[in-house]
Trainee: 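One structure coming up, written as structure tokens, with questions to follow.
This chain uses plain numbering: 1 for the first residue, then up along the sequence.
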Amino acid sequence: MIDSQIVAELRRTFPKFADRIYDYPFPKPYCKDKKTVRAIYLGCDPSNNYVHDMKYVFMIGHEHSKFNSFKKFHKTNLNEVGLDWDSVYTQNICRNYFSKETSANLTFWRKAAVWWLERLKRELDQFPKDIPVLLTSQYLHEVLVNGSDSLIKAVEYYKLRREIPIPPTKNVLDRPLIPLYRGKNPNLKKNYHLINWREYKERVTRAIAGLNM
């Protein structure tokens, strides 16, 4: 199915939210070489207030000053655990653009994310099941993790109160999941950049290494 056909199907499925779905070509997933992929780096969607012509997800290869800090954060977070853009398969759970960014579109985004799930699972079948999925947002955790565990907050992982990876049996992707969030906990007064969480960084690094043995 081409992008415009997928957009049309989304609009038919969710007529109440049809005006929130932009009819732009989807950015492509980024993967330099499937043979060297050590993790899947998963985002929410490509929606933003500045551009709708990304060649690749996460603005990879796109020069726009508004996204400098965004790209730097993700790049350095990957570097902290021994990865880079060329060693991960980068994709969004929702490949289409919305008229509102994720945090302002959660009621619909959650529905759309579930709609996209089977397509994402088929897409990821090109990689072995032990390749972990790195979750860049708490919203992804809420959609992908089963049952009451979906409500586990980021701080529970970052303060080592919960084991990682989240096992395949406890999530709908049937793959190991590892929270690697972007954002900030206002109660802690620091963001989830791994330079602020050395013990968690070490645990994530070991987990990825163990799954790639």
Side-chain angles (χ1 to χ4, degrees), residues 26-34 36-98 101-105 109 113 116 120 123-124 127 131-144 153-155 157-158 164-166 173 175-185 188 190-198 200-209 211-212:
F26 308 155
K28 298 176 182 177
Y30 183 81
C31 179
K32 184 176 182 180
D33 185 347
K34 292 180 184 179
T36 61
V37 167
R38 297 179 56 209
I40 295 154
Y41 199 63
L42 190 65
C44 293
D45 62 68
S47 302
N48 64 87
N49 295 322
Y50 304 102
V51 298
H52 300 104
D53 61 348
M54 298 183 208
K55 182 176 181 181
Y56 295 109
V57 295
F58 282 76
M59 298 298 292
I60 298 171
H62 196 294
E63 297 302 324
H64 194 299
S65 60
K66 290 288 186 181
F67 294 90
N68 286 347
S69 61
F70 170 86
K71 289 194 292 184
K72 182 179 179 181
F73 181 96
H74 288 291
K75 180 179 182 294
T76 55
N77 234 18
L78 286 171
N79 293 164
E80 286 288 322
V81 293
L83 300 172
D84 57 25
W85 292 125
D86 292 343
S87 58
V88 296
Y89 181 84
T90 308
Q91 180 60 295
N92 289 310
I93 188 171
C94 295
R95 294 182 60 198
N96 64 285
Y97 291 92
F98 297 102
E101 295 185 19
T102 313
S103 60
N105 189 39
W109 180 87
W116 273 104
L120 178 64
E123 181 179 346
L124 299 186
F127 301 107
I131 296 292
V133 178
L134 308 181
L135 308 180
T136 62
S137 169
Q138 178 79 33
Y139 302 138
L140 294 168
H141 184 283
E142 292 169 5
V143 168
L144 297 176
K153 299 301 182 184
V155 69
Y157 295 106
Y158 280 69
I164 59 164
I166 302 162
L173 286 182
R175 291 177 174 274
L177 306 183
I178 299 175
L180 204 68
Y181 296 155
R182 172 177 172 262
K184 183 176 182 178
N185 185 321
L188 298 175
K190 61 180 177 180
N191 65 32
Y192 289 115
H193 194 299
L194 289 179
I195 61 173
N196 297 321
W197 306 87
R198 307 310 294 182
Y200 185 65
K201 167 201 160 175
E202 291 168 6
R203 181 173 287 187
V204 172
T205 304
R206 290 196 302 270
I208 293 170
L211 290 164
N212 279 270

Trainee: Do Met54 and Tyr97 have side-chain heavy atoms sitting under 4.5 Å apart?
Mentor: yes
Trainee: Can you tell me how far the CG atom of Asn92 sits from the OG1 atom of Thr102, to the nearest 0.5 Å?
Mentor: 8.0 Å
Trainee: To the nearest 0.5 Å, what is the distance between CD1 on Ile166 and CG on Leu144?
Mentor: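 One gets 9.0 Å once the value is rounded to the nearest 0.5 Å.
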Trainee: With a 6.0 Å cut-off on the ring centroids, do Phe58 and His74 count as close?
Mentor: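 Close enough - the centres of the two rings lie under 6.0 Å apart.
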Trainee: Please work out whether the ring planes of Tyr158 and Tyr192 are parallel, tilted or perpendicular, with thresholds of 30° and 60°.
Mentor: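 Correct class here is tilted.
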Trainee: Looking only at heavy atoms, what is the nearest atom pair of Val81 and Lys201, with distance?
Mentor: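 Looking at all heavy atoms of both residues, the shortest contact is CG1-O, 4.0 Å.
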Trainee: CZ of Arg182 to SG of Cys44: how many Å apart, nearest 0.5 Å?
Mentor: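 It is 10.0 Å, given to the nearest 0.5 Å.
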Trainee: Is it the case that Lys190 places NZ or CZ above or below the six-membered ring of Trp197, under 6.0 angstrom from the centre and within 45 degrees of the axis?
Mentor: yes
Trainee: Check this for me: Lys75, atom NZ, are more than 12 non-hydrogen atoms of other residues, nucleotides or ligands nearer than 6.0 Å?
Mentor: no
Trainee: Out of curiosity, Leu140 CG to Leu177 CG, how far, rounded to the nearest 0.5 Å?
Mentor: 9.5 Å
Trainee: Yes or no on side-chain contact (heavy atoms from CB on, under 4.5 Å) for Trp109 and Ile93, after CA distance, side-chain angles and deciding distance?
Mentor: CA-CA 10 Å; Trp109 180 87; Ile93 188 171; 3.6 Å; yes
Trainee: Calculate, to the nearest 0.5 Å, the distance between atoms CD1 and CG belonging to Ile131 and Asn212 respectively.
Mentor: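 Result: 5.0 Å between the selected atoms.
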Trainee: So which atom in Glu80 and which in Ile195 form the shortest heavy-atom distance, rounded to 0.1 Å?
Mentor: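 Shortest heavy-atom contact: OE2-CG2, 3.3 Å.
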Trainee: Should Phe127 and Lys34 count as side-chain neighbours, where that means a heavy-atom distance under 4.5 Å?
Mentor: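 Result yes, sub-4.5 Å side-chain heavy-atom pair found.
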Trainee: Using only atom types and a distance under 3.5 Å, with no angle test, would you say the side chain of Asn48 pairs donor to acceptor with the backbone of Pro46?
Mentor: yes
Trainee: I'd like to check Leu180 versus Tyr41 (side-chain heavy atoms, cut-off strictly below 4.5 Å). Are they in contact?
Mentor: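 Of all side-chain heavy-atom pairs linking Tyr41 with Leu180, at least one is under 4.5 Å.
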Trainee: Any side-chain heavy-atom pair from Asp33 and Asp86 closer than 4.5 angstrom?
Mentor: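 A side-chain contact under 4.5 Å is absent here.
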Trainee: What do the steps show when you test Met59 against Tyr50 for side-chain contact (heavy atoms from CB on, under 4.5 Å), and what is the final call?
Mentor: CA-CA 11 Å; Met59 298 298 292; Tyr50 304 102; over 6 Å; no
Trainee: For this output row, return yes or no: ring centroids of Tyr56 and His62 closer than 6.0 angstrom.
Mentor: no
Trainee: Verify side-chain hydrogen bond (donor to acceptor under 3.5 Å, both in side chains) between Ser87 and Asp84, making sure each step is shown before the conclusion.
Mentor: CA-CA 5 Å; Ser87 58; Asp84 57 25; 3.2 Å; yes
Trainee: Looking at every non-hydrogen atom in both residues, tell me the closest pair between Ile164 and Ile178 and how far apart they are.
Mentor: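 So the minimum-distance heavy-atom pair works out to CD1-CG2, 4.1 Å.
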Trainee: Would you name the heavy atoms of Arg38 and Pro132 that are closest together and state the gap between them?
Mentor: O-CD, 3.4 Å
Trainee: Can you name the closest pair of heavy atoms from Lys71 and Trp85 and give their distance?
Mentor: O-CZ2, 4.5 Å
Trainee: Starting at CZ of Arg198, measure out to OG1 of Thr205 and round the result to the nearest 0.5 Å.
Mentor: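 Rounded to the nearest 0.5 Å, the CZ-OG1 separation comes to 9.0 Å.
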Trainee: Please assess Tyr181 against His141 for the test side-chain hydrogen bond (donor to acceptor under 3.5 Å, both in side chains), listing each intermediate value before the final yes or no.
Mentor: CA-CA 10 Å; Tyr181 296 155; His141 184 283; 4.6 Å; no
Trainee: Side chain to side chain contact (heavy atoms under 4.5 Å, CB included) with Leu134: which of Leu83, Ile40, Asn77, Leu42?
Mentor: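 Answer to the side chain to side chain contact (heavy atoms under 4.5 Å, CB included) test with Leu134 among Leu83, Ile40, Asn77, Leu42: Leu83.
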Trainee: Find out whether Lys66 and Val51 are in side-chain contact, i.e. whether some heavy atom of one side chain is under 4.5 Å from a heavy atom of the other.
Mentor: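 No, too far: nothing below the 4.5 Å cut-off.
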